Each structure stands twice: as structure tokens, then as C-alpha cells.
Amino acid sequence: MSRVLVIGCGGVANVAIRKCCQVSEVFSEMCIASRTKAKCDALAADLKDKTTTKITTAHVDADKVEELVALIKAYQPDLVMNIALPYQDLTIMDACLEAGVNYMDTANYEPEDTEDPEWRAIYEKRCQEAGFSAYFDYSWQWAYREKFAKAGLMALLGCGFDPGVTQAYCAYAKKHEFDTIDTIDILDCNGGDHGYAFATNFNPEINLREVSAPGSYWEDGHWVEVPAMSIKREYDFDSVGHKDMYLLHHEEIESLALNIPKVKRIRFFMTFGQSYLTHMKCLENVGMLSTTPINFEGREIVPIQFLKALLPDPASLGPRTHGKTNIGCIFTGKKDGQDKTYYIYNVCDHQECYKEVQSQAISYTTGVPAMCGALMMLTGQWNKAGVYTVEEMNPDPFLEALDKYGLPRSESHNPVLVD
Ligand code: NDP
């Protein structure tokens, strides 16, 4: 029996909330709070006769700590699930500290305004010192470690699929399959087709920022940065087939480099079709991916936010998307003195997801781990004061929950490696 406050009611939150409502014995009461309360009300109305979870809704501007604190104090949840945007991570963490409640999210902090001079100065220093230039990194949220530990509260960072499940796969490989892990390749394949020439599968602004940034990987104790989309490989994915994939910077590489001792190399690859890449390059070339406001006919607009308004809402892709995703990790390393390889992954079908929760598989593969991470925290299976990423937790009950609630693992002990 527990009470959760979910912040955000977009594509991922819709799945997480629907999945929580399938486990009402744990998620017995829930408040859905977001910027657009009408979306929360519509979801609550849809779920009313389908679950015994008692649902209420609220309006909140999660950029405002005082509004969040008032809501948390009034509702008194056991856990706040931040499924809004990465822009709100720090305000929601501040509010959780002030109101004395545990916290979780699905993506690490990045600022909405990347031209903010205060943020920019810290960012540029980090680019120089750390050697990667993505807008997001863990430093902002790791800075809360002591505060959460002192308050006796837990914050779980990045509990979606990647980040999230991919780190649990690493923890599982480290615990059960290897004495030492040498290399990790995280492979994120979306074999789905929504029929549009161009659309993003989750929040367009966050998605396009991520994929247009330089790629980077971890090798021999430091970052190697390369131009965006400059490293391409082809891989034959189980249940999907041959796909081109490109090396990206991705947030979990940063924490895995710390938490997987002696790892020599960590890379992240994501599949993209040619149409997506051509559109993205064109939009980038004409300035539509910019986050810097411009003046248009007397009004300030942010190009990437205007683009978001033009693109299909990711939540509307569900009925149109056919095909499967395949996301997982390939490891090389040693066990009992012998060289060893191992691949653990999940295959998820877009249409099956749509039938179950009216969503495509990208939101599903993020929303289900968010629910399972919350389940771990609410049932005390993951319970440590401080700020943690998923690979720092016991992977076994989490992977069992994923198996049970819709994202079962597959394994290979003889995978084809990525060169
Ligand atoms: P959406 O844009 O669909 O939803 C975001 C939600 O947050 C909307 O309901 C939005 O409200 C709400 N929101 C935005 N700003 C505020 C605010 N200031 N106050 C209150 N609510 C606010 O995003 P997604 O569902 O696609 O993504 C959700 C999160 O999941 C993101 O952080 C994303 O990065 C992450 N993600 C993680 C993945 C993983 O594998 N780890 C994969 C995919 C996504 P409104 O409706 O008014 O706009």
C-alpha cells in the first residue's frame, strides 16, 4: 500500500501510470500532476473503471519549487516519480528534499536554456575537463548525494530503458556472468515504422538535442569525442534484422565508467533510417534545432520548440507504428580466467504495446522500467539513502519485475560482436 505523486503526463508518463495501475496492491493511491491538468484528468477518467488505484489529479508548474513543495506536503506521497522533462530534475529534487520524500526520474538533468551564462560557464569548464560536450551530465544531480544521504532519502536517477535497464543489464552481467568486464556495447535498435517521413519517438526537443550532439565513448579511462553520426556500424538484430546504427554519446556511459571497475571501453549505438538522418541534417542546417530564441514578427520563439509544435505528437504514433525494438548490451570480459562474451537484450513489439497501453514501444520501454523502479523503491527492495544510478542497485528483483510486467530479457552467450 503506497501513495505516489507522478509529475508529467506525456508519452512516457502515460505508460508508467497505466502500468502502476496494473499493480494496485502496491500503487494503491496516485496523484497525477502536470502543467496541462486536462491531460491528467483525461487519463484519470480513462483509468477510473480499469483499476482499483485511487487516482487524483493536480496542476503543477514543476519549474517552481514552492508549488511542488506545497503539492507534496498536501498529498504526502511515499515517492515522487518525475516523468516530466529533464529540465525539471533539479527543482523536483529540491522540492523532495524540502518536503522529505524519495525521488526518481528517467533522464538526467539538462537545462532548457543552453545560453544561460551561469550554466554555460560550468558547462564549458566540464567540456574541457571531462572531454564530452553533451548538454546533459550527471554532475548536477550527483551534487545532491550528500543532501539526500543526510536527509535519509533516496533519489534514483535515469530509470527508463536507456538509461535504466541497460545499467541493470550491466549490473547483472557483473554479478552473474563475469569476473571482469572489458567492453560494453549498448545497442538501441528501433525497427518500428510509423509511416511519417520524419517524427521523433519521444519528446522531439530532447530527442533532437541528443542525436545532433557529437558522439563520444569511454576508452582506457577517458572520453573520446567524434563528430555527430561519424561512426556507423551495421548489426543484425534478433527479431528486427539488419540495421545501420551510429555511435552516440549517452548518459549511462558516464556512470558505468565509474561503477564497472576496470572496464576498458563503453560505447552506445542507436539505429537510424536514412530518411530520419536526412531530415535531421536539413533541419539542423537551417537552424531549426537551435535552442536560442529568435525574434519573429515581434514575438520571441525558440526554433526547436516551434519545430516540436509542427511534428507529430509522439503520443499519437502508437496506432501507426509497426515493428519491434531491440535494446540491450553486449559484453566481453573474463570468467574463471577464460575469455567470455554475453548479450542481454529485450525485444518489444510496437503493436503489442499499443494494444496493452495505447502507446508505441519507445514510451513503453521507458514507462515500464519507471514503474518497476518505483516498485523496487516502494517495496523496500531498493532502499539506500543518497543519489544512485540503476547499476548501483541489485539487478535481480528489477529484471524479474521487467520479465513479469512486459519487458522480458533474452540472452546469448555467443553473440556477434560489434567491430
Ligand atoms: P513528453 O513531452 O511527452 O511529456 C512531458 C510531460 O511533462 C508533459 O506532460 C508536460 O506537460 C510535462 N511538463 C513539461 N514541463 C513541465 C513543467 N514545467 N511542469 C509540469 N509538467 C511539465 O515527454 P516524454 O513522455 O516523451 O518523456 C518524458 C521523460 O522521459 C523525459 O525526461 C525524457 O527524456 C525521458 N525519456 C527517457 C528514456 C529512457 O530510456 N531513459 C527514453 C525516452 C524518454 P505538457 O503536457 O503541458 O507539455
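Residue indices begin at 1 and follow the sequence shown. Note that the structure is predicted; figures quoted are calculated from it, not measured. For ligands, and for the atoms within them, numbers begin at 1 and follow the listed sequence.
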Please work out which of the three classes, parallel, tilted or perpendicular, describes the rings of Trp218 and Trp223, given edges at 30° and 60°.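 Ring orientation of Trp223 relative to Trp218: perpendicular.
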
Check the angle between the aromatic planes of Tyr172 and His176 and answer parallel, tilted or perpendicular using the 30° and 60° thresholds.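 Aromatic pair Tyr172/His176 classed tilted.
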
Heavy-atom cut-off of under 4.0 Å around ligand 1: list whichever protein residues fall inside it, by chain and number.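 Gly8, Cys9, Gly10, Gly11, Val12, Ser34, Arg35, Thr36, Lys39, Val60, Asp61, Ala62, Asp63, Ile83, Ala84, Leu85, Pro86, Gln88, Thr106, Ala107, Gly160, Phe161, Asp162, Pro163, Phe202, Asn203, Ile206, Thr366.
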
Going by heavy atoms in the side chains, are Met104 and Met376 under 4.5 Å from each other?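 Side-chain contact under 4.5 Å: no.
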
So, do Phe398 and Trp382 have ring centers that fall under 6.0 Å from each other?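 Between Trp382 and Phe398, which both carry aromatic rings, the centre distance is below 6.0 Å.
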
Any chance the rings of Phe198 and Tyr276 have centres within less than 6.0 Å?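 Yes, the ring centres sit under 6.0 Å apart.
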
Among side-chain atoms of Asn82 and Tyr103, is any donor-acceptor pair under 3.5 angstrom?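 Yes, side-chain donor-acceptor contact under 3.5 Å.
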
